[in-house]
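Sequence positions, counted from 1, serve as the residue numbers for this chain. These figures come from a predicted structure and were not determined experimentally.
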Amino acid sequence: MKIYVQKGQNVQQNNTKKYVFLSLAAIFLISAGVWFKFAGRTAIYDLRNSADATREGLKSAEDEQREQREAIDKAGNAANRSAESIKDSQRTATEIKRLERSDAEVITDGQRILQEVRNGSRTQDKS
């Protein structure tokens with residue numbers, strides 16, 4: 001008989017464990033339903049609003065970064081154009097110096113020729 005009594009007690013203990021587990025599961029489900037009905041929706045909307053704000057912030061930061069990249073590219077292009085302008089100015093200055101030398105040489109040659117002509121006409125006058 002001991003065997004039958006022990007089996008009955010085990011069955012009774014198992015049934016008690018099942019009832020306790022089912023009761024806890026039911027309490028949890030009811031609590032989750034009540035939370036969702038009263039507080040959960042607000043929390044979900046708050047999370048959605050927070051996610052939307054974060055998404056907008058990221059989009060704004062991306063747009064600003066794109067604008068800054070374009071400004072940097074424009075500044076780089078302007079710097080390149082300035083460097084080219086400086087090189088062109090240096091070449092022009094070198095060319096002007098070369099032309100000034102040739103002008104000076106032309107003037108010097110002209111003065112020398114005039115001097116020779118004057119000297120030649122003086123020698124012709126003396127003869």
Can you give the donor-acceptor pairs under 3.5 Å from side chains of residues 19-27 to other protein atoms, not counting sequence neighbours?
{"from": "S23", "atom 1": "OG", "to": "Y19", "atom 2": "O", "distance (Å)": "2.7"}

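Taking 4.0 Å as the cut-off between side-chain N and carboxylate O, E62 and R66 count as a salt-bridged pair.
Taking the side chain to side chain donor-acceptor pair (under 3.5 Å) definition, one finds that E95 meets it with R98, sequence neighbours left out.
Distance check: Q68 CD to D73 CG gives 12.0 Å after rounding to the nearest 0.5 Å. A distance of 11.0 Å separates OG1 of T108 from CD1 of I113, quoted to the nearest 0.5 Å. Atom CZ of R118 sits about 9.0 Å away from atom CD of Q111, to the nearest 0.5 Å. The structure places CG of N15 at 11.5 Å from NZ of K17, a figure rounded to the nearest 0.5 Å. Taking CD of E116 as the reference point, atom CG of D109 lies at 9.5 Å (rounded to 0.5 Å).
S89 contributes a side-chain N or O that, together with a main-chain N or O of S85, makes up a donor-acceptor pair within less than 3.5 Å.
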**Request:** Show your reasoning for whether side chain to side chain contact (heavy atoms under 4.5 Å, CB included) applies to R69 and I72.
**Result:** CA-CA 5 Å; R69 190 177 324 117; I72 289 171; 5.7 Å; no
**Request:** List the steps and the verdict of side chain to side chain contact (heavy atoms under 4.5 Å, CB included) for K59 and R55.
**Result:** CA-CA 6 Å; K59 185 173 178 0; R55 187 178 305 111; 5.8 Å; no
